[in-house]
Structure formats: structure tokens, C-alpha cells
Amino acid sequence: PNTVSPAFRDFFDILYNEVKNDPQVSIILNTDFTTEVYQLSKQIKEDIENIREEQDKQIGILMDIRSMLLSLTQFTPTIVQEYEDIEGYIPLKIRREENEQDTYNRLFYGKDSSKSIEDLIIEGNKRLILFSAPQYGKTTVLAKLAFDLQQSGLYRPFLFNLRNYSSSSPLENQIKLSERLDNSASSVLILDGLDELKEADRDNVISEISIISLNYPLMNIILSCRLSHKTVMTVNGFEDIYLQSMSYDNLVTYIQCHCSDHETFLSNARDSQIMQFLLVPFFLRESISYFETHKSIPSDKVTIYEYFINRCFQEDKQRKIARAGLVSPRARLNKHLEHIAFSMLTSQQMEISADELFEDLNISCDVIEELIGTSLITKGDNGGFTFVHNAFKEYKQEKKLCSLDFAQIKSLVCYPGTDVIIPALKNVVVLTIHLISKNQLWSESDFQKWCIKKHTWILVEVGPECLDESTREIIFMDIYNDYK
């Protein structure tokens, strides 16, 4: 080749002249060369096939775009929902189910096959269900998706939160589907929060989604659900995709852009060993905000939850001072929030009615107005009240559970007469242990023994600080042997 230096070429010529008369060496050289040519030709053939496949895919995308443009001119929705951009949005990638080769390429060659949801939709993946762990921001990702698709001018999205679902009428009627979308590739129905459905409504809603999918075969349908519900949320015809946490490089870049003293923040975060939970967008944003206020790093997730809730109260207080000179009685409202959350836990409801607030919990209209002002409680379209973010409800439930004994906790978080934790309450259990483990009574308690025997995954999720070193080693060996 032209890139080879003259000195090396002279050396190779001398070497070749010396060995070409040796039959043994000649056979080896010819064999290796033949093998190399064969491998090269095989690789070239595969590359050509991949290029042809990619060309076919691009032609298909262009045909879909043509179809969408025609649809956009032929169908005029009677109801149009305008979506807003997400301030401070942290982009996250999507991972599909990996086969063995995908995993090998990612681990050993750094070949990342992750994509955005927009990429998957453009490529023609019409039925997707997005799974993620708590606080990863799947609702925010879908809100951003709706905005971006609408801004593109090629898609007509509609986002509906399933926590607002009511069993009183069909899902298709509740979302007024025929007035918003049509059966075309330009229509995108986004249904957020399968995990937030009442258990009694779950099968019915999945059945209704299947019917919509059959009646609108060209429409794109995107669902979302917590990973803890995956085993009970099977929707036929939908591909499972997974929301990934931030990469370490993206995490550092975000901190450098959004934190005034990013070097101190990163140094303290590494020293405190909290980098892992900073990969989750909610904890990252709140940790930076906490650092800007306190000039120190939050020690754990509980500190971040407390800080966020206090900030909501503080913002409401400022609004009221500006409006009428009133101050929110934080301690009293916190008690009411715990009662509402615990009532929803015991009744397994995703929302609570006004009658239940008045009659069962003795909460007045004035107090409800104050709670809504904190931005932690909201009133739905059907008149029911719910927490703005599922994580806030779970945190308040966990605070209440910490005051109960193990038998009471187990009776609330498990299916009756079993050790099986209700999927919707798995994160509540994790948070409860996180707080209880700071108490000396946790060590050697019935709760700890039960977790070690029945639910080691919970202890792994809580973190190493909830166990002594010898117990951690036992659990590690159990998990290791399982995988082996």
C-alpha cells in the first residue's frame, strides 16, 4: 500500500526473497493469504447486503412520510391538543431487547444500539411499550415526544394519562379518539401510566387497547409502564423497549452546564458515592438544586424527597404572600398528605374522591385548596384528587409505614396470605427499608430477615448501607450462584 514506508517495503522484499524458496513457509503464507481474502470477500458481501437493507429501509421511510403528508391534508381533527416544550429536559435513550450478539458488541466493542423513541417511530415500529424504573422520567420523555412530533409537522400526537381512566365508559370514548386521530402513519396515540391503573381496571384497559390497535392498524401506539409491573402487563403485538439511565459522560456534561460550582459538586458526589442515583434525571436535578441552596451534597434519596416537598411548600408560601399575605401551615398539611397517601395505599386506589376526603378523612374544602396550592395534589377531569407525581405519594406512604410493625407492613404491601409484594407497592417497600435501615432496630429485625429470605432484590435496590458486610457477602454469593 501507498502508506507503507520505503524502508519497510525494502525489508519486506528482502524477507520475501529469503523465504519464498522454503516450501514450508510458502504454504503457510499462501494459506493465510487465501483465508484472509476469503474473510475479506465475506465481509464485503455482508456490507453490501447491509447497505441494500438500509436503502430499502430508507425507501420505506420515504413512503411512510409521503403517506403521512397525504393523511395530514385529508384528515382534519376537530380537537387539537397543543404541547409545550420541557424546560431542562435530559435526553434519554431507549434500549430494545438484546440478543447475545448485541450484548457482546455493547460490552466489548462499545457499539451502542440504543435509539430515541422518535427513531423507532420513524423506522416504522408502530406498537411500543416503554418500561422504566421509578423516577427515570418516562412521563417526561413521553411529554417531550408529543411536543417534538407535533413540532415536526409530520405527526399528529395525542398524549393521555391513564390515571384519568374511568371504568364508566370505553377508553376510546374518553379520549375522543376519532375526533383527534385517524387510521394513518401520521397519528400517534401515547398512553402513559399502565402501572397507575386500578388493579380492577387493568385487564379491561389492555383489552380496549388491543381493540383500538385492531381498528387503527396504521396508527402508532406508544404505552408506558413501570418495570415492576412487566410480568402483569402483557399487551399482545407490542414490542418491549426500556428507558436507559444517563451515560456517565452525559451526566458529567449536564452537571458542568447546570451547576455553578460543578467541580466541587462532582468531587463531593464521588466522595459520597451517590453517582449511581444521579444517573436518574429526577434525583440529578434535585441534587443540583439542593447543592446550590445548601452548598453540600444530599446524603441519600430520602433527603432529596424531603427537600423537594419542602420546596413545593416554600413556593406555595411565596405565591400566597404575594397574593394575600397568608402563610401555609406546612406541618399540618404534611399530616394531611400522609393521611391521603395512606388511605390510597390501604384501598389500593390511584385517586381519592371529594366525598372520601370530606367524610372519611375529615379534610375541609379550604384545606384541599391549600394542598392543591402546594403543587403536590391535583384535581383530575373526573373530579377525583391524586398526587401530581407518583413518587411523592409513595414517599408519603413510606413515611406512614415506618411507624408500623413488620406484621402490619406485610399485610399492607403483600397479597393476602402470601409473601408476594403487590407490584404497585414495590417502590414503596424499597423506600420504607431505606428509611427504617437507618434505625438500629432494623438490624436482625423480622422485616430484615424476611427480606433476606424472600426478597433479596429489594435489599440490592436499597443499597449496601442497609446490611452489614457478612450479610452482603451471603446475598452476593446467592445471586452469583443463581446467575452461574
*Asks:* Looking only at side chains, do Glu306 and Tyr395 share a donor and an acceptor under 3.5 Å apart?
*Replies:*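 The criterion, which ignores hydrogens and geometry beyond distance, is satisfied for Tyr395 and Glu306.
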
*Asks:* Looking only at atom types and distance, does a side-chain atom of His258 sit under 3.5 Å from a main-chain N or O of Tyr254, one as donor and one as acceptor?
*Replies:*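 Looks like yes, one N/O pair under 3.5 Å.
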
*Asks:* Verify, without hydrogens or angle tests, whether Glu356 (side chain) and Ser353 (backbone) share a donor-acceptor contact under 3.5 angstrom.
*Replies:*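 Here the side-chain-to-backbone pair exists.
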
*Asks:* For the residue pair Pro217 and Leu214, what are the closest heavy atoms and their distance?
*Replies:*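 Taking Pro217 first and Leu214 second, the nearest heavy atoms are CD-O, 3.5 Å.
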
*Asks:* Looking at Arg163 and Glu351, is there a salt bridge between them, counting it only when a charged N and a carboxylate O are closer than 4.0 Å?
*Replies:*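 So Glu351 does not pair with Arg163 through a salt bridge.
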
*Asks:* Can Gln81 and Arg180 be said to form a side-chain contact (heavy atoms from CB on, under 4.5 Å), step by step?
*Replies:* CA-CA 8 Å; Gln81 175 76 43; Arg180 299 178 186 273; 4.2 Å; yes

*Asks:* Where the side chain of Gln408 meets the backbone of Asp405, is there a donor-acceptor pair that is under 3.5 Å apart?
*Replies:*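 Yes, because the side chain of Gln408 sits within donor-acceptor range (under 3.5 Å) of the backbone of Asp405.
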
*Asks:* Is a side-chain donor or acceptor of Thr432 paired with a backbone partner of Val428 at a separation under 3.5 angstrom?
*Replies:*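 Checked: pair present.
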
*Asks:* Can a donor-acceptor pair be found between the side chains of Asp119 and Ser116 at a distance below 3.5 Å?
*Replies:*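 A donor-acceptor contact under 3.5 Å links the two side chains.
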
*Asks:* Using modelled atom types only, decide if a donor and an acceptor are shared between the side chain of Ser187 and the backbone of Asn183 within a distance under 3.5 Å.
*Replies:*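 Checking the backbone N and O of Asn183 against the side chain of Ser187, no donor-acceptor pair under 3.5 Å is found.
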
*Asks:* Does any non-hydrogen side-chain atom of Ile433 lie less than 4.5 Å from one of Glu461?
*Replies:*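 They are not in contact (no side-chain heavy atoms under 4.5 Å apart), so the answer is no.
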
*Asks:* With the side chain counted from C-beta on, respond yes when Leu345 and Lys400 share a heavy-atom pair under 4.5 Å apart, and no when they do not.
*Replies:*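 Leu345 does not reach Lys400 side chain to side chain.
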
*Asks:* When you measure from the side chain of Thr346 to the backbone of Phe342, do you find a donor-acceptor pair of N or O atoms at a distance under 3.5 Å?
*Replies:*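 Yes, Thr346 side chain to Phe342 backbone: donor-acceptor pair under 3.5 Å.
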
*Asks:* What I want to find out is whether Asp148 reaches Lys144 closely enough, with some N-O distance under 4.0 Å, to be called a salt bridge.
*Replies:*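 Counted as a salt bridge, because a side-chain N and a carboxylate O are separated by less than 4.0 Å.
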
*Asks:* Using the six-membered ring wherever Trp is involved, compare the ring planes of His455 and Trp457 and label them parallel, tilted or perpendicular (cut-offs 30° and 60°).
*Replies:*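 Perpendicular: the ring planes of His455 and Trp457 meet at over 60°.
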
*Asks:* I'd like to know if the side chain of Arg127 pairs up with that of Ser213 as donor and acceptor (distance under 3.5 Å, no hydrogens or angles considered).
*Replies:*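 Present: a donor and an acceptor within the cut-off.
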
*Asks:* For the residue pair Ile209 and Leu194, establish whether any side-chain heavy-atom pair is separated by less than 4.5 Å.
*Replies:*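 Result yes, sub-4.5 Å side-chain heavy-atom pair found.
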
*Asks:* What about the rings of Phe147 and Tyr83, do their centers lie closer together than 6.0 Å?
*Replies:*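 Aromatic pair excluded; centres sit 6.0 Å or further apart.
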
*Asks:* Where do Phe158 and Ile175 land on the side-chain contact (heavy atoms from CB on, under 4.5 Å) test, with the steps shown first?
*Replies:* CA-CA 9 Å; Phe158 175 62; Ile175 61 180; 3.6 Å; yes

*Asks:* Under a 3.5 Å distance rule, please check whether Ser207 uses its side chain to pair with a backbone N or O of Asp203 as donor and acceptor.
*Replies:*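 Flag not set: sc Ser207 to bb Asp203 has no pair under 3.5 Å.
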
*Asks:* For Tyr290, what residues pass the ring pair (Phe, Tyr, Trp, His ring centres under 6.0 Å) criterion, not counting sequence neighbours?
*Replies:*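 Result, ring pair (Phe, Tyr, Trp, His ring centres under 6.0 Å) vs Tyr290: His294, Tyr307.
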
*Asks:* Should the heavy atoms of other residues, nucleotides or ligands under 6.0 Å from OH of Tyr415 be counted, would the total exceed 12?
*Replies:*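 Buried by this count: over 12 neighbours within 6.0 Å.
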
*Asks:* With heavy-atom distances below 4.5 Å as the criterion, would you say the side chains of Ile121 and Tyr155 are in contact?
*Replies:*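 Yes, close enough: below the 4.5 Å cut-off.
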
*Asks:* Is there a donor-acceptor contact under 3.5 Å linking the side chains of Asn204 and Glu208?
*Replies:*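 Their side chains do contain a donor-acceptor pair, which is all the 3.5 Å distance test asks for.
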
*Asks:* What is the minimum heavy-atom distance between Ala146 and Pro157, and which atoms define it?
*Replies:*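 Between these two residues, the closest heavy atoms are O-CG, 3.3 Å.
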
*Asks:* Between the side chains of Asp446 and Lys410, is the shortest nitrogen-to-carboxylate-oxygen separation below 4.0 Å, so that they form an ion pair?
*Replies:*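 Looking at Lys410 and Asp446, the cut-off is not met.
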
*Asks:* Rounded to the nearest 0.5 Å, how far apart are CD1 of Ile475 and CG of Leu467?
*Replies:*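 These two atoms lie 4.5 Å from each other.
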
*Asks:* Between Asp201 (side chain) and Leu197 (backbone), is there a donor-acceptor pair under 3.5 Å?
*Replies:*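 No: the side chain of Asp201 does not pair with the backbone of Leu197.
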
*Asks:* Supply the atom-to-atom distance Lys93 NZ to Gln244 CD, rounded to the nearest 0.5 angstrom.
*Replies:*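 It comes to 9.0 Å.
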
*Asks:* What are the two closest non-hydrogen atoms of Glu239 and Arg96, and how far apart are they?
*Replies:*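 Closest pair (atom of Glu239, atom of Arg96, distance): OE2-NE, 2.8 Å.
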
*Asks:* Would you please test Glu118 and Lys115 for side-chain contact (heavy atoms from CB on, under 4.5 Å) and show each step?
*Replies:* CA-CA 8 Å; Glu118 290 94 328; Lys115 299 182 177 183; over 6 Å; no

*Asks:* Any chance you could measure Leu251, atom CG, to Ile90, atom CD1, to the nearest 0.5 Å?
*Replies:*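 Those atoms lie 8.5 Å apart.
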
*Asks:* Looking at OG1 of Thr456 and CD1 of Ile479, how far apart are the two atoms once the value is rounded to the nearest 0.5 Å?
*Replies:*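 Separation between the atoms: 5.0 Å.
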
*Asks:* With Asn125, which of Ile117, Leu120, Asn220 fulfils side-chain contact (heavy atoms from CB on, under 4.5 Å)?
*Replies:*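 Testing Asn125 for a side-chain contact (heavy atoms from CB on, under 4.5 Å) against Ile117, Leu120, Asn220 leaves exactly one candidate, Leu120.
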
*Asks:* Please check if any side-chain donor atom of Asn334 sits under 3.5 Å from a side-chain acceptor atom of Lys399, or the reverse.
*Replies:*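 Per modelled atom types, Asn334 and Lys399 side chains form no pair under 3.5 Å.
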
*Asks:* Treating Asn161 as the side-chain partner and Asn164 as the backbone partner, does any N or O pair qualify as donor plus acceptor under 3.5 Å?
*Replies:*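 Checked: no pair found.
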
*Asks:* Could you tell me whether the side chains of Asp366 and Ser364 share a donor-acceptor contact shorter than 3.5 Å?
*Replies:*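 Their side chains do not contain a donor-acceptor pair, so the 3.5 Å distance test is not met.
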
*Asks:* For the NZ atom of Lys393 and the NZ atom of Lys396, what is their distance to the nearest 0.5 Å?
*Replies:*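 NZ of Lys396 is found 14.5 Å from NZ of Lys393.
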
*Asks:* Strictly distance-based, threshold 3.5 Å: is any side-chain N or O of Ser289 a donor or acceptor partner for the main-chain N or O of Arg285?
*Replies:*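 No.
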
*Asks:* For Phe265, enumerate each residue passing the ring pair (Phe, Tyr, Trp, His ring centres under 6.0 Å) test, keeping only those at least two apart in sequence or located in another chain.
*Replies:*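 Counting only residues at least two positions away or on another chain, Phe265 forms a ring pair (Phe, Tyr, Trp, His ring centres under 6.0 Å) with Phe291.
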
*Asks:* Side chains of Glu394 and Tyr305: do they bring a donor and an acceptor to under 3.5 Å?
*Replies:*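 Side chains of Glu394 and Tyr305: no pair found under 3.5 Å.
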
*Asks:* So Phe238 and Ile221, side-chain contact (heavy atoms from CB on, under 4.5 Å) or not? Walk me through it.
*Replies:* CA-CA 9 Å; Phe238 281 73; Ile221 304 178; 3.8 Å; yes

*Asks:* Under the ring-ring contact (aromatic ring centres under 6.0 Å, His included) rule, what do Phe160 and Tyr165 come out as? Steps first, then yes or no, please.
*Replies:* CA-CA 9 Å; Phe160 180 75; Tyr165 172 82; 7.9 Å; no

*Asks:* Heavy atoms only: give me the nearest Leu435-Cys402 pair and the separation to one decimal.
*Replies:*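 Heavy-atom minimum between the residues: CD2-SG, 3.6 Å.
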
*Asks:* Decide yes or no for Met219 and Leu177: does some side-chain heavy atom of the first lie under 4.5 Å from some side-chain heavy atom of the second?
*Replies:*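 Yes, at least one pair of side-chain atoms sits under 4.5 Å.
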
*Asks:* May I ask you to decide whether Lys230 forms a salt bridge with Asp240, counting only side-chain N to carboxylate O separations under 4.0 Å?
*Replies:*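 Result for this pair is yes, salt bridge flagged.
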
*Asks:* Looking at Asp182 and Tyr216, what are the two nearest heavy atoms and their distance?
*Replies:*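 Nearest pair, atom of Asp182 first, then Tyr216: C-CD2, 4.0 Å.
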
*Asks:* For a quick test of reading the model, state the closest non-hydrogen atom pair linking Leu243 to Leu130 and the distance between them.
*Replies:*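 The answer is N-CD1, 3.7 Å.
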
